[in-house]
2 protein chains.
Amino acid sequence: MRIQKGNVLNTSIPTCRNCPNLSCLIQYCDQEAKAFAGENKINYLIPKDQYVFQEGSLVLGAYFIFKGKAKVVSNNLQNRQQTVRLAGDGHILGHMTLDKEFYPIGAVAMEDTKVCFLENKLFFQLISNNPKFAYQVIRFYSKELRKSELRNRSFSQMKTFEKIVFAFLYICSSFGYTEKEKILIDFSRAEIAAIAGTNPEQVSRSISLLKEKGYLESDGQKIIITDMPKLKELLSPYLSWEILE
Amino acid sequence: MRIQKGNVLNTSIPTCRNCPNLSCLIQYCDQEAKAFAGENKINYLIPKDQYVFQEGSLVLGAYFIFKGKAKVVSNNLQNRQQTVRLAGDGHILGHMTLDKEFYPIGAVAMEDTKVCFLENKLFFQLISNNPKFAYQVIRFYSKELRKSELRNRSFSQMKTFEKIVFAFLYICSSFGYTEKEKILIDFSRAEIAAIAGTNPEQVSRSISLLKEKGYLESDGQKIIITDMPKLKELLSPYLSWEILE
DNA sequence: CTCAAAACCTGCAAAAACGCAGGACTTTTT
DNA sequence: AAAAAGTCCTGCGTTTTTGCAGGTTTTGAG
C-alpha cells in the first residue's frame, strides 16, 4: 500500500444529537453536551491511503470514526511498517492530552473515511461533565488494552501460519463482518503480512494451503472465506478466552 | 516460577488522604473523595507468586498497586504462560465493569505486594465525581495501550536476541530502575523468556553473548546490567519513539 | 481490447529458532 | 557440611522462517 500525504477534506456529518452511528461513545453524553460537541467538533473526510495523523505529529485531540476503516501503524527505522490495530465505525483513534505530546504511532485510512475530530479541551469538557461518557471511554481503552495484550501473547506463541489465520479473523472481527454466507477480504498480501507480522511470501504460501484445504477461495486477488468455523478451529489452542469479540 | 493459589491477607495501608504513594491516580481525587475511597477500598497483601486475580474469574473491581511488583499473564491451552505486562507502584491491574464480566487474563505478584481493591461501584463513583481522576485513568489506559501496541510492533520485527535485550529494558522501565551505577535483575531465565516470548535456552545464550560483550555481569543467577546505554543502542533501530518511558 | 505495471505464487538455499540432552553451577534442605 | 533439588549453560540435529529469483496472473489505463 502506498501512503500519500494529502489534504483532508471537510465533510458533512449529522450533528451529535441525531447521529445515526450508535457505536459512537459520544452517544453516552447528555443532550446538552451532544449539542455542544456537535457544534464544536470538526468533521473530516480522509481519502483512502492517507494519514489521519502521522507518527511524530503533535497531539491536538482525538478522532472518532464516523464511517470507514483505518489502521494504526508504526514504522521502525528500517522503514518496515507494522499494523498494530484495526479500527472501524465508532472507534477512537489517537488520544487526548492536556500536555504537549506527540503521536508515537500513525493512523491511515483504509478506505474513504469520515471522522469527527475532538480537540483536547472539548474532549476534556465532555469527560468532566458526562460521567457515563467518561466511563465508556475508560472501557474502550481498557478493552483495547486487553485485546492488544492477548494479541501480544498469541503472536509470541503462534507459528507464522497461525498468525496469518489470526490476521484473517482479526480483520473480520474489527470490521464487523458477521458469519454470513461468504466473507470477502480485499487486502493485498503485503497488507495482511503487516498485520500478521510476517512477509508477503508467507501469506501467499498460507493462502495456497488454506485453499487446498477448502477453507478459502479467491476471486482474482480478493479472498473469500468459505469456512469460518474451520478457520477458528485452527486457532482453538490459543483462543480460550475470546480475543475477538 | 511456580504459581500457587492461596488466600490473600488483609494488610494495613495508610488511608488515601495521606497516602505516600504519589504515583497512585487516586491522588487526583478531591479530599472528600479520597476520604470516601480510603474508607471503602479493601487492602490486600498478596504473597509472592500468588494470583491477584485469575484468568476466568469474575470482575468485581480493579486493583491499584500500593507497593510491589506484579505481572499480567495469559495462558494458552498448551499451558504455556506468557507475560504481557509488568506493573509496579501505582499501576492499575484489571479493570472496572458495570456488567458481569470475566478477566481474560490473570495477574500474579512477583514479590510480596500490597494492593488497594476498588469495587466496581466505588470506582464508578470516583470517576463520576472527579473529572481529573477520570482523565488520569483514561490517560493511564491509553498510554498502556500505546505501549502495548509499540511492543507488538517491535516484537514482530525483532530477532529473538533483540527481544531478550528488550525484555531487560522493559523490566527496568516498568519497575522504575533509574540509570544508577548498576542495575540488578533477579528473574529466572524462564521468567525472562516468558516476557520476551521465547524459551529459556535462548535467554541463556543471549546472556552469555551480552556478558562476552561486557554489557552484563552475573552474581550467581542474578543479572547485573553494567552498560545500559549500550543495551539501548542495540535496539536503536526500533526505538525511534520511546516505548519505554 | 491491449499492454504494461503491479501483485502474486512457488522453489530453493541460507539463516534463525527450537528443543533435547548432558554436564556445570546454585540454592535449598536436612 | 553434604546431599538433593532446582536452575543454568551449551552443543547439536531438526524444524521453521526468511528472502531472493523467476515465472504467472491480475489489474487498470488508454
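The structure displayed is predicted, hence computed values, not measured ones.
Atom CG of B:Asp186 is separated from atom C1' of D:dT7 by 13 Å (rounded to the nearest Å). When the P atom of C:dC9 is taken as reference, atom CD of A:Gln202 falls 13 Å away, rounded to whole Å. Following rounding to the nearest Å, B:Asn199 (CG) and D:dC8 (P) show an atom-to-atom distance of 13 Å. One can place CD of A:Glu191 at 17 Å from P of C:dA6, the figure rounded to the nearest angstrom. Atom CD in B:Glu201 sits about 19 Å away from atom P in C:dA16, given to the nearest Å. Counting to the nearest Å, the C1' atom of D:dT7 and the CD1 atom of B:Ile223 are 12 Å from each other. One atom, NZ of A:Lys159, and another, C1' of C:dA16, lie 12 Å apart when rounded to the nearest Å. With rounding to whole Å, B:Asp49 atom CG is found 15 Å from D:dG6 atom P.
Comparing A:Thr160 and B:Arg189 by the nucleotide of DNA chain D whose heavy atom lies nearest to each, the residue mapping closer to the 5' end is B:Arg189.
Under 4.0 angstrom from either OP1 or OP2 of C:dA7 there lies no side-chain N or O belonging to A:Ser188. Taking 4.0 angstrom as the limit, B:Thr198 places a side-chain polar atom (N or O) nearer than this to OP1 or OP2 of C:dC18.
Across residues 204-213 of chain B, B:Ser204, B:Arg205, B:Ser208 each have a non-hydrogen atom less than 4.0 Å from an atom of DNA chain D (numbered order).
With sequence neighbours excluded, no residue forms a ring-ring contact (aromatic ring centres under 6.0 Å, His included) with A:Phe187. For A:Phe66, there are no ring-ring contact (aromatic ring centres under 6.0 Å, His included) partners two or more places apart in sequence or in a different chain. For A:Ser142, the side chain to side chain contact (heavy atoms under 4.5 Å, CB included) partners at least two apart in sequence or on another chain are A:Arg146, B:His95, B:Tyr141. For A:Glu201, the side chain to side chain contact (heavy atoms under 4.5 Å, CB included) criterion is met by A:Asn199, A:Arg205, not counting sequence neighbours. Evaluation of the side chain to side chain contact (heavy atoms under 4.5 Å, CB included) rule for B:Thr83 yields B:Lys71, B:Val73, B:Leu86, B:Ala194, B:Ile195 as partners, not counting sequence neighbours. Qualifying salt bridge (Lys or Arg N to Asp or Glu O under 4.0 Å) partners for A:Arg189, counting only residues two or more places apart in sequence or in other chains: none. Residues passing the side-chain hydrogen bond (donor to acceptor under 3.5 Å, both in side chains) test with B:Ser156 are A:Gln82, sequence neighbours excluded.
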Identify each atom pair where a protein N or O and an N or O of nucleotides 23-30 of chain D are less than 3.5 Å apart, giving names and distance.
residue, atom, partner, partner atom, Å
D:dT27, OP1, A:Gln221, N, 3.4

Below 3.5 Å, can you tabulate the donor-acceptor pairs from side chains in residues 210-217 of chain B to any protein atom, sequence neighbours excluded?
residue, atom, partner, partner atom, Å
B:Lys211, NZ, B:Ser218, OG, 2.9

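Pairs of residues two or more places apart, or lying in two chains, that qualify as salt bridge (Lys or Arg N to Asp or Glu O under 4.0 Å) and include a residue from residues 57-70 of chain B are B:Lys67-B:Asp89, B:Lys69-B:Glu111.
Of the charged side-chain nitrogens involved, at least one lies within less than 4.0 Å of a carboxylate oxygen, so that B:Glu101 and A:Arg139 count as a salt-bridged pair.
Taking the six-membered ring where the residue is Trp, A:Phe166 and A:Phe155 present perpendicular rings, their angle passing 60° and hence far from 30°.
Each end of the helix from C:dC1-D:dG30 to C:dT30-D:dA1 gets its own axis, taken as the rotation carrying the C1' atoms of four end pairs onto the next four within a five-pair window, and the two axes meet at 50° to the nearest 10 degrees.
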